[in-house]
Amino acid sequence: MKEEWINIDKLGTKGIEPDLMAIHREPQSLDDAVNVRSLGPNLANAGGYTAVSNGTLPHAANTLFLAKDTAQRLLVTCAKGDIYQFDGTTWTDITGTAVGDGSQGDVRWTGGWLTGALTLANEQVVRTFKPGVDTTTQPMQYDPGGDTWESLGNTAEVFRPFREYMIAGNVKWGADHYPSRIQWCHPVEPGQVPDDWVPTDTNFAGDVDLADTPGSIVDMAPLRDYLLVYKRDAIHTCKWVGGNSVFSFKRILTGEGLDSRDCLAEHNGVHYVLGLDDILMVDGNTAHSIIWGRIKRTWLADMDPVRSRNANFVSIDQVNQEVLFHYISTSADPAYGFPDKALVLSLRNNSWTFRDYSVEMPHAL
């Protein structure tokens, strides 16, 4: 592992340069978060040059998060049963109470950074972690009475931060499952964690059911002033309006949605989305297909319908100006759990290419 890891924001020959626009980055730098992925038990760089030593992870991480304490950036890695943080020198186990390895324990984690703390959830446990304060992850509080998501048996398939709120989608309250439900906490003060999710007359927590289509909520992602809510069969916008309503929702597409979580990436105010059988551009007001012909009939039809559900993802290569739609193909080894192929859209000339990682160097898995 190279010396640049000593400071987490100096990864690679030129390091991660997250605060610069793509045109101002050194060509051999890596982008922040979206271009550093786990490759089994290793880290692999996506895009940029390949003169970066892969660092061995302490576990087979399937999800990476960036966090920050008062002094430095931290890399937080989540696996089936463990959570670690890396400060550039030392890996530290911050799991705390076991996160389990049941039927949902191997899925990609969701959550994110909100006002000084991470939320981490894997459909079994819902945790928070405040770098520099907590030594291990803590069960997320559900109400001021002290109940936690875990003690109540509650969870959700996706958590994402938006403004000063943590938003949960595809909610499970004990044995009751609400696949179209959105739930949000009371606004979180800077430096604190979400701790009040039950709507009352004195808070701004709430929930709503986006039940105008039967599909379940798969993922959510911010886009300008909106949070885009992606179902399997529809796309909604979520806009903060304040007052007692807090959020308003509007459906912008019906009949097409998201293949699986992390199957979208933003570039220049647009989401590029890998759908169930289509690839979409979503600008917050409209959504339209950007593939046709052989790409749609042959290449996209090659996705494995089972393994792809928890393995596909979309990433942006800022250096080469490409959008990469990674997927597991039907011809991949049955034991293989990482994408082996990708459709690549060039943002420079709007052309498509096809990449097979079994014959090319795997630069993004």
Side-chain angles (χ1 to χ4, degrees), residues 5 7-9 11 16 18-19 30-46 55 57-96 99 105-140 149 155-162 165-169 188 191-194 219-222 260-266 310 313-316 364-365:
W5 272 101
N7 187 344
I8 201 70
D9 63 351
L11 172 65
I16 291 178
D19 299 323
L30 301 179
D31 188 20
D32 170 61
V34 296
N35 280 341
V36 180
R37 297 275 177 174
S38 61
L39 172 55
N42 297 315
L43 290 178
N45 60 300
L57 300 176
H59 53 197
N62 60 23
T63 315
L64 312 178
F65 294 92
L66 286 181
K68 190 178 187 303
D69 66 12
T70 57
Q72 61 190 332
R73 289 172 180 258
L74 302 171
L75 181 67
V76 176
T77 63
C78 299
K80 188 171 182 177
D82 303 292
I83 305 172
Y84 279 79
Q85 75 168 13
F86 183 61
D87 61 7
T89 304
T90 305
W91 287 103
T92 304
D93 187 337
I94 60 170
T95 308
V99 297
D106 58 349
V107 301
R108 282 208 293 263
W109 292 63
T110 66
W113 182 258
L114 178 65
T115 67
L118 277 173
T119 291
L120 308 168
N122 75 343
E123 300 180 27
Q124 290 190 115
V125 301
V126 184
R127 300 289 173 87
T128 59
F129 179 69
K130 300 197 316 189
V133 177
D134 297 329
T135 57
T136 63
T137 65
Q138 302 296 313
M140 182 188 287
W149 280 78
T155 185
E157 291 208 6
V158 55
F159 285 84
R160 298 298 185 200
F162 181 56
Y165 299 85
M166 185 59 66
I167 314 286
V188 179
Q192 301 304 310
V193 298
D219 208 344
M220 301 177 286
S260 56
R261 69 185 55 158
D262 298 324
C263 280
L264 63 123
E266 180 184 348
N310 193 43
F313 68 89
V314 178
S315 65
I316 304 290
L365 290 175

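Atoms CH2 and CG, on Trp113 and Leu118 in that order, are 5.5 Å from each other to the nearest 0.5 Å. Between atom SG of residue Cys78 and atom CG of residue Leu120 there is a gap of 4.5 Å, rounded to the nearest 0.5 Å. To the nearest 0.5 Å, the span separating CZ on Arg73 from CG on Leu66 amounts to 6.5 Å. The CE atom of Met140 sits 11.0 Å away from the OG1 atom of Thr137 when rounded to the nearest 0.5 Å.
Considering only heavy atoms from C-beta on, Leu75 comes within 4.5 Å of Trp91 through its side chain. Counting only heavy atoms from C-beta outward, the side chains of Ile83 and Phe129 never approach each other to under 4.5 Å. The closest side-chain heavy-atom distance from Ile94 to Val76 is below 4.5 Å. Residues Arg160 and Asp219 meet the side-chain proximity criterion, which asks for heavy atoms closer than 4.5 Å.
A donor-acceptor pair under 3.5 Å is absent between the side-chain atoms of Glu123 and the main chain of Ala121, judged by distance alone. Under the 3.5 Å distance criterion, the side-chain polar atoms of Arg261 are left unmatched by any main-chain donor or acceptor of Val158. Thr136 contributes no side-chain N or O that, together with a main-chain N or O of Thr95, makes up a donor-acceptor pair within less than 3.5 Å. Here the side chain of Trp109 pairs a donor or acceptor atom with the backbone of Ala79 at under 3.5 angstrom.
Scanning all heavy atoms of the two residues, the minimum distance from Glu266 to Ile316 falls at O-CG1, 3.7 Å. Heavy atoms only, all atoms of each residue included: Leu74 and Asp69 are closest at CD1-OD2, 4.5 Å. Scanning both residues, Ala168 and Phe159, for their nearest heavy atoms gives CB-CE2, 3.6 Å. The minimum heavy-atom distance between Lys80 and Val99, with the atom names listed, is O-CG2, 3.9 Å. Contact detail for Pro131 and Ala67: the closest heavy-atom pair is CG-CB, 3.8 Å. The minimum heavy-atom distance between Val188 and Gln192, with the atom names listed, is CG1-O, 3.4 Å.
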